[in-house]
Amino acid sequence: MPQLRFHNSLTRREEAFTPLDAGHVRLYVCGPTVYDLAHLGNARPVVVFDVLARLLRRLYPRVTYARNITDVDDKINARARETGQPISAITSRTTADFHRDMAALNCLPPDVEPTATGHIAEMIQLTEKLIARGHAYAAEGHVLFSVGSFADYGKLSGRNQDELLAGARVDVAPYKRDPGDFVLWKPSDADTPGWDSPWGRGRPGWHIECSAMSWRHLGETFDIHGGGHDLLFPHHENEVAQSRAAFGTPFMAHTWLHNGMLLVDGEKMSKSLGNFMTVQDVLARGSWAGEAFRLLLLRTHYRSALDFTLAALDECKAELDDFYAMLARPAPEAEAPAAMVDWVLEPLHDDLNTPLSLARLRDLRTLENVASVGGSPAAVHARTPSAWDPAPGEARAAILEAAQILGLPLHDAALWRQGGGDAEVEAAIAARLAARAAKNWAEADRIRDDLKAQGIILEDGAGGTTWRRA
RNA sequence: GGUCCGGUGGCCGAGUGGUCAGGCAAGGGUCUGCAAAACCCUCUACGGCGGUUCAAUUCCGCCCCGGACCUCCA
C-alpha cells in the first residue's frame with residue numbers, strides 16, 4: 001500500500017494520510033447549488049475530487065464518496081421569483097443538467113448524493129443539539145450559532161475573531177449576540193419554502209446542510225472534506241464549528257482539501273463577476289471538448305490557480321490527438337506491466353500531482369511509439385526507473401489502465417478522430433489508393449488536398465490509410 | 001487594512017541544496033512518392049536585493065508584482 005500524502009488546509013502542511021477506519025475511507029465534497037448551469041470553475045472540484053475518489057478506490061477496500069446537492073437556497077428562491085418557474089422545476093432541471101455536464105467530463109457519480117431538502121430533519125436535530133449544548137440560541141424566529149461559544153472558531157481558515165470583524169462588509173443583524181454569529185435556521189414567509197420546526201416555519205441556513213448530510217452519510221467524523229478554496233471561509237469554518245460543537249468531537253474531517261480557483265484573464269471566474277463560461281459552452285465546441293477540458297484541469301496542480309483560455313483548450317485537444325494517433329494504430333493485445341502503471345500513478349500519491357502523472361503518461365506514449373513505429377527510447381529511459389523496452393501493446397495497455405484513474409477515457413480512437421464513420425471519405429480514400437497504385441501522384445494528392453480542405457487529414461501507414469478530422 | 005497562496009525559458013507547467021522535467025509553439029533532421037503520424041536534435045529558465053552555504057531556482061530575511069478570502073461564491 002503506497003503512502004498517500006495530502007496538503008491539509010487545516011494544518012497548512014503536507015501530511016501522511018491514514019484513514020480513520022483502515023477498511024473504509026470516507027470523503028465529502030461540497031456539491032452545487034442547483035439554480036443555474038455549472039460554469040468552468042464549478043467543474044474544477046468535481047473533476048479534481050473525481051480523480052481523488054478513483055485513486056482512493058484503487059487503494060482501499062471501501063470508499064464512500066458523498067457529494068451533496070443544495071436544493072434549498074435563497075438564490076434558488078430568487079431565480080424562481082425572477083422566472084416565475086416553480087422551485088422544484090428549477091432544482092430538478094439544474095440537477096439533471098449538472099449530472100449531464102459532469103458525465104461529459106467523465107466524472108463518476110459519487111456513492112451518495114444527498115439533497116438538502118432530504119435532510120431537513122437532520123438539520124433540525126443538529127440545531128437542537130447545538131442549542132442544548134449552549135452553542136446556539138433562538139432570536140426573532142432565527143436560530144444562530146454562537147461563535148463565541150466555540151474556542152476553535154477560526155482555526156481552519158486561520159483567522160481570529162478580531163480579524164473577521166475588521167473586514168466585515170455586511171450589516172450586522174440586530175438579533176445577533178456577536179457579529180460573527182451565523183444563521184442555522186431562519187423564518188420563511190408564506191411565499192418562501194419552509195418546514196415546520198421547533199422555532200416555527202422556516203428554512204435552514206447555508207452551512208448546516210453539509211454538517212447534517214456528512215453526519216448522516218459519513219458519521220460525526222470522517223477522513224477528507226474537499227471543496228473550492230473560496231469555501232474555506234465562512235462555509236467550511238462554520239461547518240466545522242457546527243459539527244464539532246454538536247458532537248463534542250476534536251475534528252470534523254481529518255483532512256481538508258481545497259482546490260484553487262479557475263481564472264479568466266487573471267480573475268476568478270464567478271457568476272457574480274459575470275466572466276464565466278458554462279461547461280455547456282465548452283462542450284458545444286466539439287465532441288472532443290469534454291475530454292480536452294478535463295485534461296486542461298488536470299495538467300495544473302489542483303491547489304494552484306488556473307487561468308482558462310480557449311488556446312489552452314485547443315492545446316489539450318492537440319495533445320489528445322497524439323494519444324489517439326497512437327491508439328488508432330493496430331497493436332497486439334498485451335498485459336499492462338504493473339510497474340509502468342504504478343510509475344504513472346505514483347505522483348498522485350503525493351498530494352495528487354496530476355501534472356507529473358501526465359508527463360509520465362506521455363513518456364509511456366513515446367515508449368509505445370518507439371516499440372511499434374521505431375525510434376529511440378533513450379530520452380525516456382533517463383526518467384524511468386529502469387530501461388524499459390516494452391513489446392508493442394504493453395505500454396499502450398499501461399497507458400489505458402493508468403488513464404482510468406485520471407479519468408481520461410482514451411477510448412474509441414475512431415470516434416475521437418473521425419466523429420463517427422463517413423462513407424464519402426472512405427470512398428475518396430479508395431479512389432486515392434487506386435491512383436497511388438497507378439503512381440498517379442497528382443490525382444492522389446488532389447484527392448488528399450480535397451479532403452484536407454474539408455478538414456480531413458489522411459495518414460498512410462504500414463497497415464493502410466487512416467484518417468481523422470483536424 | 002488583516003489573513004493566506006503564488007511569481008520557473010515565447011506560452012503552459014512539474015520539481016530540486018550540486019550533471020534531466022514534460023508539453024505546446026518555433027527551427028533543423030530521419031522516415032515517406034510527397035505528406036501525416038512517429039522518432040532524433042536545437043531553443044540551457046527559475047521576480048528583485050541581501051543572507052546562510054564549498055554550492056541557492058530550491059533554505060532565511062526584506063522588497064516588488066499577481067491572485068484568493070475577510071459572511072453570494074467551486
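Only this structure's heavy atoms are used, side chains among them; waters, hydrogens and symmetry mates stay out. What you see is a predicted model; the values in this text were computed from it and never measured. Residue numbers start from 1 in every chain, and the chains themselves are labelled A, B, ... in the order their sequence lines are given, proteins ahead of strands.
- Rounded to whole Å, the distance from CH2 on Trp206(A) to P on U71(B) is 11 Å.
- Using a 4.0 Å heavy-atom distance criterion, Thr466(A) is classed as making no nucleic acid contact.
- Among the nucleotides C34(B), C69(B), C73(B), the one closest to the side chain of Asp460(A) is C34(B).
- Note that Arg67(A) lies outside the cation-pi zone of Tyr28(A), set by a 6.0 Å cut-off to the ring centre and a 45° limit from the axis.
- Between Gln242(A) atom CD and U71(B) atom P there is a gap of 17 Å when expressed in whole angstrom units.
- Contact annotation for Gly31(A): no contact, since no heavy-atom pair falls under 4.0 Å across all strands.
- In this model, the phosphate group of A14(B) is not approached by any side-chain N or O of Asn353(A) to a distance below 4.0 Å at OP1 or OP2.
- Residue Arg303(A) is classed as having no contact, given no heavy-atom separation below 4.0 Å to the nucleic acid.
- Arg67(A) comes within 4.0 angstrom of nothing in the nucleic acid, heavy atoms only.
- Atom pair His39(A):NE2 and C73(B):C1' shows a separation of 8 Å (rounding to whole Å applied).
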Please enumerate all protein N or O atoms sitting under 3.5 Å from an N or O of nucleotides 9-12 of chain B, with distances to 0.1 Å.
from, atom 1, to, atom 2, distance (Å)
C12(B), O2', Arg299(A), NH2, 3.1

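- Taking side-chain N and O atoms only, Thr366(A) has a distance below 4.0 Å to OP1 or OP2 of C39(B).
- When the C1' atom of G2(B) is taken as reference, atom CG of Leu232(A) falls 15 Å away, rounded to whole Å.
- A cation-pi arrangement, defined by a distance under 6.0 Å to the six-membered ring centre and an angle within 45 degrees of its axis, is present between Arg159(A) and Phe233(A).
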Footprint string (nucleotides 42-48 of chain B, 5' to 3'): B base within contact, S backbone only, - free, heavy atoms under 4.0 Å: -------
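- Checked by distance alone, Ser376(A) brings no side-chain donor or acceptor within 3.5 Å of a matching partner on the base of C40(B).
- Stem analysis of RNA chain B (at least three stacked-register Watson-Crick or G-U pairs, each with both distances under 3.5 Å) gives B:1-7 with B:64-70, B:10-12 with B:22-24, B:26-30 with B:38-42, B:47-51 with B:59-63.
- Using a 4.0 Å cut-off between charged side-chain N and carboxylate O, Arg299(A) and Glu319(A) make no salt bridge.
- Ring geometry for His135(A) versus Phe145(A): interplanar angle under 30°, hence parallel rather than tilted (30 to 60°).
- Phe323(A) carries Arg365(A) over the face of its six-membered ring, with the cationic atom under 6.0 Å from the centre and within 45° of the normal.
- Closest non-hydrogen pair, Ala403(A) versus Leu410(A), comes out as CB-CD1, 3.6 Å.
- If you check the side chains of His207(A) and Glu237(A), you find no donor sitting under 3.5 Å from an acceptor.
- At the heavy-atom level, Met326(A) lies nowhere under 4.0 Å from the strands shown.
- Residue contacts shown for Lys75(A) are limited to sugar-phosphate atoms, with no base heavy atom under 4.0 Å away.
- If you check every strand for non-hydrogen atoms under 4.0 Å, Asn369(A) touches sugar and phosphate atoms only.
- In this entry the distance linking CD of Glu319(A) with C1' of A14(B) reads 13 Å, nearest Å.
- When the nearest nucleotides of RNA chain B are assigned to Pro377(A) and His301(A) by heavy-atom distance, the more 5′-ward of the two goes with His301(A).
- Aromatic pair Trp256(A)/His236(A): ring centres closer than 6.0 Å.
- At a threshold of 4.0 angstrom between heavy atoms, the contacts of Leu262(A) include nucleobase atoms, whether or not backbone atoms are also involved.
- Base contact: Gly41(A) has a heavy atom under 4.0 Å from a base atom.
- Using modelled atom types, one finds no donor on one side chain facing an acceptor on the other under 3.5 Å when comparing Asn353(A) with Asp350(A).
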Contact letters for nucleotides 17-22 of chain B, in which S counts primed atoms plus P, OP1 and OP2 and B counts the base, heavy atoms under 4.0 Å: ---BBS
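- Taking the side-chain contact (heavy atoms from CB on, under 4.5 Å) definition, one finds that Asp449(A) meets it with nothing, sequence neighbours left out.
- For His381(A) and Trp388(A), the gap between ring centers reaches or exceeds 6.0 Å.
- Note that Lys271(A) lies in the cation-pi zone of Tyr35(A), set by a 6.0 Å cut-off to the ring centre and a 45° limit from the axis.
- In this structure, CG on Leu232(A) lies 5.5 Å from OG on Ser157(A), to the nearest 0.5 angstrom.
- Listed by chain and number, the residues in a side chain to side chain donor-acceptor pair (under 3.5 Å) with Glu394(A) amount to none (sequence neighbours excluded).
- Of the residues listed (Arg13(A), Arg5(A), Arg303(A)), the one engaging Asp351(A) in a salt bridge (charged side-chain N to carboxylate O under 4.0 Å, His left out) is Arg303(A), and it is the only one.
- Looking at Lys271(A), its side chain has no donor and acceptor atom pair within 3.5 Å of the base of C72(B).
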